[in-house]
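For reference, the structure discussed in these notes is given below.
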Amino acid sequence: MARSLKLITWNTCGIRDTADVQQKKEMICQCLNEQQASVAFLQETHIGINNVQHVEDIRGWKAFYSVHHPRSKGVAILIKNDLHFEYIKHDVDPTGSYIVLICKLYSKCFTLVNVYNHAEEHKVLQCLSEYLYQTAKGVLIVAGDFNTVLNPDLDREYPTGNTEPLRPYLEEFISSLMLVDIWGQNNPYKRDSFTRFPWKTSKQQIIKKTSGQKKTKKKRGASRLDMVFMPRNEVWLAKSCEISKVPRHNISDHHPVVLSLCLPKPNNTTVLSCSSGLGIKKRPYKRRAGEISEAEVLKALMSLVAYESPLGENLFNKMIRGEIPKGFTDSVKENGRYHFGAEYMIFATILLRRIEKFLQPSFKSKTMKMSYKLFIIVSFRSTPKKIKRDFLRKALTSLKPIHPSPPRDFKIVEKLLPSTDQYKELREGCPLTPTLLTVALKHLACALKKDLKESVVDVCHHRKCITIYMNADQYHIVNQNINKFKLQSGISLSPKVGQVWKRRKYSNS
């Protein structure tokens with residue numbers, strides 16, 4: 001029988017009592033118990049060398065934590081005492097930015113990573129990704145406060161048009177480990193759910209001017225800075241992911257995010273064995289354009305924690321030239337999800353990384369969008385199971401060239417997908433499926449940019465949707481393009497209309 005497991009991530013803005021909040025630690029524990037959490041990721045614990053007793057003696061919980069400064073940063077992972085838990089190892093960043101705990105929960109191996117990505121530190125995620133490449137085992141879960149958003153149009157109350165300094169580093173971190181924003185993937189249309197809100201005026205925030213007037217710190221709009229990530233091949237374990245509404249004025253200016261997992265019995269997942277053809281052979285002296293390197297194989301392999309295989313790039317290069325071994329694309333279906341052999345997973349991962357080079361979001365500043373009257377989100381009506389072959393080929397070949405450009409010949413992708421009449425199947429569990437859906441949206445977005453005048457069109461690959469700022473009199477053009485997209489691809493989309501965010505004022509009450 002499958003087990004349920006609840007994990008919660010929460011920036012608590014300290015765990016010690018303050019002038020504004022008495023018995024803060026007890027209030028935090030009460031909220032954790034009300035959420036029925038078994039594992040808690042806490043950020044900004046504010047634990048210095050002389051304050052460790054505040055995190056060590058949390059009743060009912062085992063604590064793994066960083067020690068940094070009593071007024072800034074700090075992270076902790078709490079494990080409920082009654083949880084079936086087996087410790088393996090843990091490691092702590094000396095600057096208090098993250099903690100990594102490798103353990104077994106209900107006999108299943110996990111790598112739990114708690115991150116507080118400080119606004120002034122840009123190298124934390126890069127160092128962490130390199131570390132996780134080498135050490136992550138079992139199911140990887142990365143949670144925390146990342147101090148940036150993945151999509152300013154969807155994750156901020158009102159987009160400013162300014163750049164997000166930490167966003168490129170977070171995007172690279174997600175891409176390198178092939179992570180998925182669980183809440184964002186489950187909520188492509190939601191635009192009013194945030195985790196961080198303007199802080200209520202406190203005694204420490206009041207600044208007294210010489211004239212006797214009181215001035216508060218500049219308030220910012222709400223945003224979704226707190227997130228939970230899991231690798232693509234483990235997302236199926238996530239039963240739900242919700243932003244919990246707690247009385248933020250009592251504890252923190254952040255809402256917690258709650259992840260519910262459904263754990264199958266140990267060794268219940270089928271992984272096809274490697275074929276005998278994946279051996280290490282001497283690389284030929286001359287390499288052809290577009291061939292796969294050992295580095296690409298290694299990078300793909302390291303992002304697939306559950307798979308082990310020797311480096312055999314010669315076999316992959318034979319397939320690049322069109323020689324697909326018999327049975328290479330075979331899969332086993334369990335509970336609606338497909339499981340593939342190690343070589344297939346590695347080869348598909350190499351190809352999707354090449355494709356995603358053409359799908360990277362722009363981090364440039366954009367013009368303010370307040371002048372537009374209409375905001376539209378377009379996403380899939382339901383999870384697509386297939387896509388028309390001709391449309392897929394056209395969408396792949398029409399990807400905009402970039403410099404320096406990776407190989408652009410993606411004919412091999414079609415051979416990795418089963419055919420049904422004029423369609424190619426998009427199997428859940430195949431690493432290529434999410435990427436190909438983004439390619440399809442990208443193709444539609446390009447058509448919309450051409451047809452819509454004075455508009456801003458973007459693709460959010462994390463939520464698998466298109467965002468459009470436009471004037472209301474062009475809405476019929478959007479519908480025309482959506483209908484045309486369905487005829488060409490066989491995939492149904494649904495638009496949701498909303499108003500453009502307007503800056504609003506917050507009261508201090």
Side-chain angles (χ1 to χ4, degrees), residues 3 5-9 38-41 43 64 75 77 79 83 85-93 97-117 124-146 150 169-186 226-239 241 257-264 266-269 271 298-309 337 339 342 345-346 349 352-353 429 431 434 462:
R3 294 182 180 270
L5 181 67
K6 274 195 175 184
L7 302 92
I8 187 169
T9 178
S38 297
V39 180
F41 299 73
Q43 300 88 42
F64 302 87
V75 290
I77 296 178
I79 305 293
L83 181 65
F85 168 79
E86 181 183 339
Y87 173 84
I88 298 177
K89 64 176 287 189
H90 81 284
D91 195 22
V92 180
D93 174 57
S97 296
Y98 65 80
I99 181 171
V100 179
L101 173 62
I102 301 177
C103 61
K104 286 188 177 181
L105 304 176
Y106 295 119
S107 301
K108 189 172 184 65
C109 189
F110 283 83
T111 297
L112 307 177
V113 185
N114 187 7
V115 180
Y116 176 65
N117 194 25
V124 169
L125 294 180
Q126 179 182 344
C127 296
L128 179 57
S129 66
E130 293 170 356
Y131 176 76
L132 293 176
Y133 266 147
Q134 304 297 328
T135 61
K137 300 179 184 299
V139 179
L140 175 63
I141 299 178
V142 183
D145 177 0
F146 295 88
L150 288 174
Y169 301 98
L170 180 56
E171 290 278 3
E172 176 59 29
F173 177 76
I174 294 171
S175 175
S176 65
L177 295 170
M178 290 179 60
L179 301 177
V180 174
D181 169 21
I182 303 298
W183 187 92
Q185 177 181 261
N186 294 346
D226 307 86
M227 291 168 269
V228 181
F229 298 101
M230 294 179 68
R232 292 184 186 183
N233 59 318
E234 301 288 0
V235 168
W236 62 282
L237 293 172
K239 185 178 179 181
C241 189
V257 181
V258 182
L259 172 68
S260 296
L261 298 179
C262 185
L263 303 183
N267 302 322
N268 195 38
T269 300
V271 178
L298 180 60
K299 190 169 184 179
L301 184 57
M302 287 194 296
S303 65
L304 297 167
V305 178
Y307 292 83
E308 295 182 2
S309 174
R337 178 181 173 81
H339 301 276
M345 294 293 290
I346 295 169
T349 300
L352 77 85
R353 286 189 182 279
H462 298 291

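The residues of the chain are indexed from 1 along the displayed sequence. The model shown is predicted, which means the values in this text are computed figures rather than measured ones.
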Looking at [X] and [Y], what are the two nearest heavy atoms and their distance?
X	Y	result
C103	L112	SG-CD1, 4.0 Å
I88	C109	CD1-SG, 4.2 Å
K108	F110	O-CD1, 3.1 Å
S129	Q126	OG-O, 2.8 Å
G144	N114	CA-OD1, 4.1 Å

Going by heavy atoms in the side chains, are [X] and [Y] under 4.5 Å from each other?
X	Y	answer
V100	L128	yes
K137	T111	yes
V257	C241	yes
V139	L105	no

**Report entry** From CA spacing to verdict: side-chain contact (heavy atoms from CB on, under 4.5 Å), I174, L150
**Finding:** CA-CA 10 Å; I174 294 171; L150 288 174; 3.6 Å; yes
From [X] atom [atom1] to [Y] atom [atom2], the distance as rounded to the nearest 0.5 Å:
X	Y	atom1	atom2	value
D91	Y98	CG	OH	6.5 Å
S260	I182	OG	CD1	12.0 Å
L261	I141	CG	CD1	4.5 Å
F229	H462	CZ	NE2	7.0 Å
L83	L5	CG	CG	6.0 Å
R3	L263	CZ	CG	8.5 Å

Heavy-atom donor-acceptor pair, [X] side chain to [Y] backbone, under 3.5 Å:
X	Y	answer
S97	N117	no
Y133	S176	yes
S175	E171	no

Report task. Start with the C-alpha gap between K6 and V258, add the side-chain angles, then the distance that decides, and say whether side-chain contact (heavy atoms from CB on, under 4.5 Å) holds. Result -> CA-CA 7 Å; K6 274 195 175 184; V258 182; 4.2 Å; yes
Report summary line: From the list L170, V235, V142, side chain to side chain contact (heavy atoms under 4.5 Å, CB included) partner of L179 resolves to V142
**Report entry** Working for side-chain contact (heavy atoms from CB on, under 4.5 Å), residues F41 and L7
**Finding:** CA-CA 8 Å; F41 299 73; L7 302 92; 3.7 Å; yes
Requested in this report: Can you label the angle between the F64 ring and the F85 ring as parallel, tilted or perpendicular, going by 30° and 60°?
Outcome: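 Aromatic pair F64/F85 classed tilted.
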Query raised in the report: Mind checking what makes side chain to side chain donor-acceptor pair (under 3.5 Å) contact with R337, not counting sequence neighbours?
Result: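 Checked R337 against side chain to side chain donor-acceptor pair (under 3.5 Å); zero matches.
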**Report entry** F146/V115 under side-chain contact (heavy atoms from CB on, under 4.5 Å): CA gap, chis, key distance, verdict
**Finding:** CA-CA 7 Å; F146 295 88; V115 180; 4.0 Å; yes
